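Structure first, commentary second.
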Amino acid sequence: MLTAILAAFLGGIILNFMPCVFPVISLKALGLLHHQGDSNRARTEGSGFLLGVVVTMLALAALLLALRAEGTAVGWGFQLQSPLVIGILALIVLGAALNLLGVFEVGLSLQRAGEISMGRGVFVRSALTGALAIVVATPCSAPFMAGAIGFALVQPAAVALGIFLALALGFAAPFTLVSFFPAIAARLPRPGAWMDILKRGLAFPMLGAFAWLVWVLAQQAGTTALAAILASAVVVSFTGWLYGIAQRRRLMGRSFKVLLTVTVALFLGAVVPLPKALQAGAEPTATQTAAAEAPVKWSPQTVTELRGHGKAIFVNFTASWCITCQVNDRTSLSTDAVKQAIARTNTVYMVADSTKFNADIDDAMSTFGQGGLPLYVVYPADGSAPKVLPQVLTPSIVINALNQASGKKA
């Protein structure tokens with residue numbers, strides 16, 4: 001258990017450097033720069049982020065464990081198997097990008113009206129950013145992390161929640177340490193006009209995250225869902241623009257109420273029809289890699305039939321929403337060297353696509369002690385015990401594994 005807790009903590013730290021988390025973490029770095037020289041505000045920022053991360057992580061973990069207890073096979077990132085969750089998350093990320101571009105300001109009118117203090121506003125926004133960071137982080141699975149989560153999912157609830165708490169603390173640790181220790185924060189650049197340019201520049205990674213989520217949604221639910229989310233994005237953007245006008249002009253009284261009513265009506269008009277449109281989508285498009293011209297669709301029965309008959313089997317457990325999976329596909333599995341190794345060793349290449357929920361895939365991952373994607377398994381040609389490859393691949397790792405599994409030399 002202590003090993004799993006340590007692995008989860010280290011995995012949480014590494015998770016900060018994964019590509020899916022960068023857009024949100026960069027926002028927190030910008031927030032610290034704003035509060036440089038004000039240690040109390042910096043601590044408030046760090047405390048809010050820590051609380052948002054821990055509460056959201058434990059809430060996701062509790063839901064995951066509850067589903068497991070009912071017999072549903074789910075793992076890390078399970079909520080991204082829902083087109084509705086993907087759609088809502090995409091609109092939230094779009095709203096964050098519009099906020100960075102200055103279309104509107106979060107909580108500005110309330111602060112001006114004196115309804116909440118600036119300190120509390122910083123805390124709440126930081127906590128919400130921490131919550132968003134955890135949700136956005138779920139497509140990634142850092143080294144040390146998947147094994148720890150896999151272990152947690154087969155433990156009693158108290159032990160499992162302790163492991164997830166360690167993961168949350170590791171994830172929040174770098175930012176929290178910088179915010180609580182002025183000596184570290186003093187090494188950051190001085191605030192200045194350049195920060196406004198940086199703030200707007202950081203909108204583009206958020207827009208990139210929005211584009212990626214829309215692509216994942218299209219993979220999951222087809223063109224009908226794609227049309228629905230794009231139409232909603234236009235309405236949400238227009239809503240944010242109207243709200244920004246109200247803030248900048250400080251419209252009060254009847255004018256503000258009318259504009260606010262129109263804004264809320266437009267927003268609801270965009271969001272309310274989403275569930276029906278997204279859930280009515282088509283079957284997901286299978287995640288394709290260039291590692292094989294015609295990969296075999298994975299199933300437990302197919303593996304059983306082919307195993308031990310003189311051919312090695314390489315199984316790629318992947319999903320469209322798994323960024324680490326996509327990076328490994330581009331940098332390793334789709335290289336000419338790996339393609340040639342698959343052909344030379346006569347290896348059967350299989351894809352287990354978990355873009356949408358598949359109980360068989362989640363059960364198979366659990367048997368290997370893995371709680372999240374990616375997962376790469378090589379079955380030797382002689383039918384001996386399978387080997388699990390690292391989550392971050394290189395061509396040499398894959399080629400060596402294929403050579404060993406097939407009993408052939410390079």
Side-chain angles (χ1 to χ4, degrees), residues 1-18 20-32 35 40-68 74-80 85 89 92-93 96 106 119-153 155-181 184-185 371-372:
M1 184 183 71
L2 293 177
T3 301
I5 288 174
L6 178 60
F9 185 81
L10 292 175
I13 294 175
I14 297 172
L15 199 59
N16 284 276
F17 305 99
M18 303 301 282
C20 48
V21 185
F22 170 75
V24 178
I25 294 299
S26 60
L27 299 185
K28 298 318 300 165
L30 184 64
L32 275 184
H35 304 319
N40 290 332
R41 292 282 295 278
R43 290 191 185 98
T44 300
E45 188 97 22
S47 300
F49 184 75
L50 176 62
L51 181 65
V53 166
V54 169
V55 171
T56 305
M57 176 67 79
L58 293 181
L60 282 175
L63 178 58
L64 192 156
L65 293 173
L67 292 173
R68 282 266 174 178
V74 291
W76 176 252
F78 70 97
Q79 71 276 13
L80 295 180
V85 172
L89 184 58
I92 291 174
V93 170
V106 176
R120 184 180 173 190
V122 169
F123 183 86
V124 171
R125 288 199 301 275
S126 191
L128 292 175
T129 304
L132 179 61
I134 285 296
V135 176
V136 172
T138 53
C140 289
S141 184
F144 303 108
M145 182 178 141
I149 292 176
F151 176 80
L153 293 178
Q155 300 303 309
V159 175
L161 289 175
I163 294 172
F164 279 102
L165 176 61
L167 177 62
L169 293 176
F171 182 75
F175 179 80
T176 305
L177 286 174
V178 173
S179 62
F180 272 81
F181 293 94
I184 302 176

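By convention here, the first residue in the shown sequence is residue 1. Keep in mind it's a predicted model, so treat the numbers as computed, not measured.
- When every heavy atom of Ala160 is checked against every heavy atom of Ala152, the shortest pair comes out as CB-O, 3.2 Å.
- Between the CG atom of Leu132 and the CZ atom of Arg125 there is a distance of 14.5 Å, given to the nearest 0.5 Å.
- Summarising the geometry of Ala172 relative to Leu50, their closest heavy-atom pair is CB-CD1, 3.6 Å, with the distance given to 0.1 Å.
- The two atoms that bring Phe180 and Ser47 nearest to each other are CZ-OG, 3.2 Å, heavy atoms only.
- Distance CZ/Phe164 to CZ/Phe171: 14.5 Å, rounded to 0.5 Å.
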Apply the test side chain to side chain contact (heavy atoms under 4.5 Å, CB included) to residues Leu65 and Leu161: give CA-CA distance (whole Å), side-chain angles for both, the deciding distance (0.1 Å), then the verdict. CA-CA 9 Å; Leu65 293 173; Leu161 289 175; 4.0 Å; yes

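- The distance from atom CG of Leu128 to atom CD1 of Ile92, rounded to the nearest 0.5 Å, is 9.5 Å.
- Across all their heavy atoms, Ala131 and Thr56 have their closest contact at CB-OG1, 3.0 Å.
- For the atom pair OG1 (Thr176) and CD (Glu45), the distance works out to 10.5 Å, reported to the nearest 0.5 Å.
- Note that CG of Leu10 is 12.0 Å distant from CD1 of Ile5, once rounded to the nearest 0.5 Å.
- Of all heavy-atom pairs spanning Ala133 and Phe49, the tightest one is CB-CE1, 4.3 Å.
- The CG atom of Leu58 sits 12.5 Å away from the CG atom of Leu64 when rounded to the nearest 0.5 Å.
- Here the closest non-hydrogen pair linking Ile163 and Ala4 is CD1-CB, 3.8 Å.
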